[in-house]
Amino acid sequence: MTYRVAIFIFNEVEVLDFAGPFEVFSVAGLRTMNVPPFEVFTVAQFDTINARNHLTIKPTYTLEKAPKAEIIVIPGGGGFHADGTPFGSRREMNNPIVLKWIQEQSAQAKLTLSVCTGSLILAKAGLLEGKEATTHFLAIDALKKISETISVKEKTRLVDNGNIMTSEGVSAGIDMSLYVVSKLLGKETADETARYMQYDYWK
């Protein structure tokens with residue numbers, strides 16, 4: 001089976017938050033399996049995205065044209081400008097168009113994953129109610145404020161609720177993606193993927 005992986009991106013998204021999982025799922029199994037196990041694509045509300053540090057991205061699909069996927073990845077990145085205006089994930093967590101898309105996609109997906117402050121978006125979409133979750137260490141308090149029913153875990157690389165997983169910030173998305181590879185394809189494939197990427201942090 002080939003799993004379709006939809007990675008949502010938005011203006012001011014943290015680059016490694018989405019590029020890390022993109023790399024893992026794109027290269028996993030390519031050297032050991034006859035058929036690529038993952039088909040990875042990006043999805044955005046707009047047809048051009050300006051990520052952090054001036055990286056311009058052309059997403060594969062816009063929200064209304066994106067095919068259904070078995071795995072949904074919601075990255076993070078963002079904060080507040082000096083005047084208090086939110087940007088990045090802090091803006092998208094209150095974007096009704098984005099929240100509706102995530103709710104609809106997560107309802108039919110096998111796995112919904114968040115990296116960094118992407119967990120804030122999942123929380124605002126109501127997907128973390130009654131679940132354990134983690135996020136970037138600077139956003140722990142923000143996640144706690146969204147809902148008292150969320151059991152927020154600090155200093156935890158990733159949290160697995162079965163069909164919904166959250167990870168800490170930035171590079172933690174790589175660990176979570178490798179963890180997903182190990183669950184779906186076996187630890188040997190995950191280990192081989194990490195070796196190919198020369199990602200020595202994976203255990």
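Each residue takes its place number in the sequence, starting with 1.
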Can you list the steps and then say if Ser171 with Leu16 is a side chain to side chain contact (heavy atoms under 4.5 Å, CB included)? CA-CA 7 Å; Ser171 65; Leu16 194 57; 4.2 Å; yes

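- No donor-acceptor distance shorter than 3.5 angstrom exists from the side chain of Gln198 to the backbone of Arg195, with no hydrogens or angles considered.
- At least one cation-pi condition fails for Arg91 and Phe10: the charged atom is not both under 6.0 angstrom from the six-membered ring centre and inside a 45 degree cone around its axis.
- Heavy atoms of other residues, nucleotides or ligands lying less than 6.0 angstrom from OH of Tyr196 number 12 at most.
- Panel note: side chain Ser26, backbone Glu23; no donor-acceptor pair is recorded below 3.5 Å.
- At a threshold of 4.0 Å, the pair Arg4-Glu39 does not count as salt-bridged, since none of the basic side-chain nitrogens sits closer than that to a carboxylate oxygen.
- Separating the CG atom in Leu128 from the CG atom in Leu122 is a distance of 5.0 Å, to the nearest 0.5 Å.
- Within the 3.5 Å criterion, the main-chain N or O of Asn11 finds no donor-acceptor partner in the side chain of Asn50.
- Rounding to the nearest 0.5 Å places NZ of Lys183 at 4.0 Å from CE of Met165.
- Counting heavy-atom neighbours within 6.0 Å of Gln108 CD, excluding the residue itself, gives a total above 12.
- Cluster annotation: Phe87 and Ile57 are assigned to distinct hydrophobic clusters (Ile/Leu/Val/Met/Phe/Trp/Tyr, side-chain heavy-atom contacts under 4.5 Å, transitive).
- Shown here for Thr117 and Ser89, the closest heavy-atom pair between the two residues is OG1-OG, 2.7 Å.
- For the atom pair CD1 of Ile174 and OH of Tyr201, the computed distance is 11.5 Å after rounding to the nearest 0.5 Å.
- Between Arg52 and Asp17 no salt bridge is recorded (no basic side-chain N to carboxylate O distance below 4.0 Å).
- The heavy-atom pair separating Ala123 from Ile150 by the smallest distance is CB-CD1, 3.8 Å.
- Considering only heavy atoms from C-beta on, Val115 comes within 4.5 Å of Pro21 through its side chain.
- Within the 3.5 Å criterion, the main-chain N or O of Leu138 finds a donor-acceptor partner in the side chain of His136.
- Considering only heavy atoms from C-beta on, Leu99 comes within 4.5 Å of Ile121 through its side chain.
- There is no path of hydrophobic side-chain contacts, each under 4.5 Å, that joins Phe137 to Leu158.
- Looking at Leu184 and Phe38, their side chains come closer than 4.5 Å, going by heavy atoms from C-beta outward.
- In this structure, the side chains of Phe8 and Leu63 come closer than 4.5 Å at one or more pairs of heavy atoms.
- Heavy atoms of other residues, nucleotides or ligands lying less than 6.0 angstrom from CD of Glu148 number 12 at most.
- Ion pairing between a basic and an acidic side chain is recognised when a charged N comes within 4.0 Å of a carboxylate O; Arg90 and Glu12 show no such pairing.
- A donor-acceptor pair under 3.5 Å is formed between the side chain of Glu168 and the backbone N or O of Thr156.
- Side-chain atoms of Thr166 and Thr134 include no donor-acceptor pair closer than 3.5 Å.
- Ring-plane geometry between Phe41 and Tyr61 is classed as perpendicular, the angle between the planes exceeding 60 degrees on a 0 to 90 degree scale with a lower cut at 30.
- Between Lys110 and Asn163 the shortest heavy-atom distance is O-CB, 3.6 Å.
- Residues Arg157 and Asp175 come closest through the heavy atom pair NH2-OD1, 3.0 Å.
- If you take NZ on Lys100 and CG on Asn95, they are separated by 12.5 Å, rounding to the nearest 0.5 Å.
- The side-chain heavy atoms of Ile72 and Ser106, taken from C-beta on, include no pair separated by under 4.5 Å.
- A continuous path of ILVMFWY side-chain contacts below 4.5 Å connects Met33 to Val5, so both sit in one hydrophobic cluster.
- With hydrogens and angles disregarded, a donor-acceptor distance shorter than 3.5 Å links the side chain of Gln103 to the backbone of Ala125.
- For Thr149 and Glu129, the side-chain atoms include at least one donor-acceptor pair closer than 3.5 Å.
- Contact annotation: the side chain of Phe25 approaches that of Val180 to within less than 4.5 Å [non-hydrogen atoms, C-beta and beyond].
- At a threshold of 4.5 Å between side-chain heavy atoms, the hydrophobic network of Ile, Leu, Val, Met, Phe, Trp and Tyr places Val27 and Trp202 in one connected group.
- Considering CD of Glu192 and CG of Leu30, their distance stands at 8.5 Å, rounded to 0.5 Å.
- A side-chain donor-acceptor contact under 3.5 Å links Ser119 to the backbone of Cys116.
- No continuous path of hydrophobic side-chain contacts links Ile71 to Val159 [ILVMFWY only; heavy atoms under 4.5 Å].
- Counting heavy atoms from C-beta outward, Leu120 and Ile146 have side chains that approach closer than 4.5 Å.
- Remark: Asn34 CG is loosely packed, at most 12 non-hydrogen atoms of other residues, nucleotides or ligands lying under 6.0 Å away.
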Check against side-chain hydrogen bond (donor to acceptor under 3.5 Å, both in side chains), Thr42 and Thr60: CA-CA 5 Å; Thr42 52; Thr60 314; 3.2 Å; yes

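- Listed for the Asn161 side chain is no donor-acceptor partner under 3.5 Å among the backbone atoms of Ala133.
- Here the closest heavy-atom approach between residue Leu111 and residue Gly162 is recorded as CD2-O, 3.3 Å.
- In this structure, Pro36 and Thr2 have side chains that are not in contact, with every pair of non-hydrogen atoms separated by 4.5 Å or more.
- In this structure, CG on Leu178 lies 7.5 Å from OH on Tyr199, to the nearest 0.5 angstrom.
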